[in-house]
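To start, the structure itself, in C-alpha cells.
We number each residue from 1, following the sequence as shown. Both backbone and side-chain heavy atoms feed into the values below; hydrogens, waters and symmetry mates do not. Treat the numbers as computed from the prediction; the structure is a model and nothing was measured.
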Amino acid sequence: MRLNEPKQDKRMKVTIKKLNIISSLEIKNEGMELEVHDPNRKPPHLGDIVLTDTHVIWCRGKTTPAKGKKLTWEKFIELMQRQ
C-alpha cells in the first residue's frame, strides 16, 4: 500500500434474498438465501450463498442452487476448522 493511497474497505454487503423458515428460526428444506456484493467491484454482485438443513451452496454470479458448489455441513465445518 502506498503512503497516500486510500484504504479499501474489505467488507462485503450481504443481504437476505430468500428466507423460508418455520418456528424458532429453524432452517428447513428450501433454506435461506443470502446475496453477496462487493461494493468496490463492477458489477458488485459476487453470488449467493444458500443454507439448507443439509448443505451450504455457493452460487457464483447468476448460478442457480441446482448448479452451485455444494458442501454438506460436515464438510463445511471441516473446511472452516482447518482455517
Side-chain angles (χ1 to χ4, degrees):
M1 183 174 184
R2 294 187 184 148
L3 194 55
N4 294 327
E5 198 172 295
K7 186 177 177 183
Q8 286 260 348
D9 188 357
K10 298 291 183 187
R11 290 179 287 179
M12 298 290 166
K13 180 181 176 190
V14 180
T15 57
I16 296 174
K17 183 174 181 180
K18 185 172 86 175
L19 182 61
N20 295 323
I21 56 173
I22 305 296
S23 70
S24 301
L25 297 180
E26 182 180 339
I27 294 176
K28 294 295 187 181
N29 294 345
E30 288 187 35
M32 177 171 126
E33 193 168 341
L34 304 172
E35 288 185 338
V36 181
H37 295 264
D38 181 348
N40 299 312
R41 279 190 66 212
K42 299 256 189 248
H45 180 73
L46 298 176
D48 301 321
I49 298 172
V50 180
L51 307 174
T52 71
D53 56 354
T54 57
H55 292 91
V56 177
I57 307 166
W58 170 246
C59 304
R60 183 176 177 205
K62 295 184 179 187
T63 304
T64 63
K67 294 185 178 183
K69 303 282 186 177
K70 188 184 290 190
L71 290 175
T72 64
W73 280 104
E74 292 81 9
K75 288 288 185 187
F76 174 75
I77 292 166
E78 180 184 315
L79 177 68
M80 296 308 293
Q81 298 276 352
R82 289 187 297 203
Q83 297 297 315

For G68 and C59, which heavy atoms make the closest approach, and how far apart are they? CA-SG, 4.3 Å
Within this structure, what is the CE-CD distance for the pair M80 and Q83, rounded to the nearest 0.5 Å? 5.5 Å
Is there a path of hydrophobic side-chain contacts, each under 4.5 Å between heavy atoms of I/L/V/M/F/W/Y residues, joining M32 to I49? yes
Nearest heavy-atom contact between W58 and V36 is CZ3-CG2, 4.1 Å
Applying the side-chain contact (heavy atoms from CB on, under 4.5 Å) criterion to L46, which one of E35, R41, H37 satisfies it? R41
How close do K70 and I57 get, heavy atom to heavy atom, and via which atoms? CG-CG1, 3.9 Å
Under a 4.5 Å side-chain heavy-atom rule over Ile, Leu, Val, Met, Phe, Trp and Tyr, are F76 and V50 clustered together? no
